[in-house]
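Worksheet: one structure, shown below.
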Amino acid sequence: MTTPTTSPVSTPGKTAKRRAPGGRPPAGRPRGGRSRIRRQLPTSPWLFAAPGMLVAGAFSLYPFLSTVANSFTDRRALLPGSFVGLDNYREMLGDEMFWIGLRNSTLYVLGVVPALVILPLLLALLVEKQIPGITFFRSAFYTPVVASIVVVGLIWVWLLDERGLVNSMLEVVGAGPVGFLSDQWLLLLSAMAVTVWKGLGYYMIIYLAALGNVPRELHEAASVDGAGAVRRFLTVTVPAVRSTMVLVGALSSVAAFKVFSEVYLMAGPDGGPAGEDTTLVMLVQRTGTGLSGRVGYSAAISVVVFVVTVALMLLVLRADRKEDA
């Protein structure tokens with residue numbers, strides 16, 4: 001005979017609870033029928049941020065504080081030195097090489113930054129269109145960015161040397177050799193050209209990302225109103241990417257003021273003829289390295305470089321805020 005299956009009888013006011021095999025509550029619910037909320041410890045975010053903070057402190061914050069502290073001492077490479085107050089900064093004001101370095105670094109900013117703000121934008125407009133083969137040109141324009149600065153510098157030295165390719169071509173047409181690497185101002189301009197050539201692809205990518213966010217309807221409306229390509233560029237493209245232009249200006253200003261590799265490779269460790277092409281960062285390297293390097297004086301120049309770069313960024317950001325107002 002088959003034993004009839006009895007179903008649980010529900011008592012008024014109570015609901016029968018079904019249990020999983022083994023007498024346990026259904027999975028997904030804690031015992032007692034109440035949800036359990038896990039409280040996050042106050043130190044949990046700091047534990048996640050601790051590795052990055054340790055790396056930043058060890059490789060950024062500590063060297064910065066150490067440099068500031070050394071700028072008030074007469075420390076040398078093999079000697080700890082003693083506290084001298086502002087003597088390094090007073091000596092800096094009377095050092096002719098410091099003013100030469102400050103002049104060249106400032107000229108470098110004035111010559112490089114406008115080119116790196118405008119030329120990459122025009123280059124991005126050229127490669128923005130989706131046409132067959134455009135990927136090749138984008139890669140070609142970006143190749144100098146990933147190339148080693150040492151290799152790039154040596155190539156340009158070979159091109160601009162008195163017996164290099166450029167002067168050989170000039171001699172063919174009767175122009176004669178030009179002292180790209182021996183003349184004070186031509187050498188500085190040649191180094192600027194290398195910096196611009198190497199940075200075009202990097203800032204082009206930034207502009208391409210910004211141009212992708214410009215609504216096409218704005219260009220179409222301007223075309224309907226009869227605006228040409230130049231007018232659309234000035235009235236639609238430039239206002240739409242103005243914030244990106246400010247970003248590029250800030251980044252290129254800091255990089256140009258801290259230039260070292262291009263001038264060092266093309267002018268040599270002495271900074272060109274009579275050291276007239278020395279930049280501030282080259283002066284830091286020259287005075288602070290070697291067994292007799294003046295670490296304290298070099299640190300003082302480094303602090304000045306830091307203050308000027310921060311001032312440049314603040315000026316660029318302030319100019320952007322004035323235009324927004």
Side-chain angles (χ1 to χ4, degrees), residues 64 67 89 92-93 95-124 144-145 149 152-153 156 160 180-181 183-207 238 241-268 271-273 275-287 298-323:
F64 171 74
T67 300
Y89 294 94
M92 188 189 309
L93 295 178
D95 187 358
E96 182 183 1
M97 290 305 302
F98 169 76
W99 294 108
I100 291 176
L102 182 61
R103 179 199 66 190
N104 292 331
S105 297
T106 304
L107 291 176
Y108 217 89
V109 173
L110 297 177
V112 167
V113 173
L116 286 179
V117 171
I118 298 174
L119 294 180
L121 177 57
L122 300 178
L123 194 61
V145 179
I149 183 60
V152 170
W156 278 84
L160 300 178
F180 293 106
L181 303 180
D183 182 80
Q184 171 189 347
W185 301 113
L186 286 179
L187 196 153
L188 196 63
L189 290 174
S190 300
M192 292 180 186
V194 175
T195 301
V196 172
W197 178 77
K198 196 174 188 322
L200 279 176
Y202 177 77
Y203 297 114
M204 178 195 71
I205 297 298
I206 297 178
Y207 278 125
V238 172
V241 300
R242 187 171 59 84
S243 59
T244 305
M245 296 176 71
V246 172
L247 173 64
V248 171
L251 294 176
S252 58
S253 298
V254 173
F257 193 80
K258 298 190 303 180
V259 65
F260 172 78
S261 301
E262 292 90 329
V263 182
Y264 184 85
L265 291 170
M266 302 184 73
E276 289 293 331
D277 291 298
T278 301
T279 62
L280 282 181
V281 179
M282 289 180 65
L283 189 60
V284 171
Q285 184 268 344
R286 187 186 305 168
T287 57
S298 177
I301 302 175
S302 300
V303 172
V304 173
V305 173
F306 171 77
V307 172
V308 174
T309 52
V310 172
L312 284 173
M313 295 189 65
L314 293 178
L315 286 175
V316 173
L317 295 177
R318 185 176 181 181
D320 182 48
R321 289 179 180 178
K322 284 185 177 180
E323 291 185 3

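This structure is a prediction, so every number in the text was calculated from the model and none was measured.
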What I'd like to find out is whether the side chain of [X] reaches to under 4.5 Å of the side chain of [Y], using heavy atoms alone.
X: Leu251; Y: Tyr203; result: yes
X: Thr278; Y: Arg286; result: yes
X: Thr287; Y: Phe98; result: no
X: Leu102; Y: Phe257; result: yes
X: Leu119; Y: Leu123; result: no
X: Phe306; Y: Thr67; result: no
X: Tyr89; Y: Met92; result: yes
X: Met282; Y: Met97; result: no

task: Give a yes or no on this: more than 12 heavy atoms of other residues, nucleotides or ligands lie within 6.0 Å of atom OH of Tyr202.
output: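 At most 12 heavy atoms, drawn from other residues, nucleotides or ligands, come within 6.0 Å of this atom.
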Using every non-hydrogen atom in the two residues, find where [X] and [Y] come nearest and quote the distance to one decimal.
X: Pro120; Y: Ala115; value: CD-O, 3.3 Å
X: Leu187; Y: Ala267; value: CD2-CB, 3.5 Å
X: Val248; Y: Leu116; value: CG1-O, 3.3 Å
X: Ser261; Y: Ile149; value: CB-CG1, 3.6 Å
X: Gly153; Y: Leu265; value: CA-CD1, 4.0 Å

Donor-acceptor under 3.5 Å ([X] side chain, [Y] main chain):
X: Tyr108; Y: Ala191; value: yes
X: Thr279; Y: Val259; value: yes
X: Ser105; Y: Leu280; value: yes
X: Asn104; Y: Glu276; value: yes

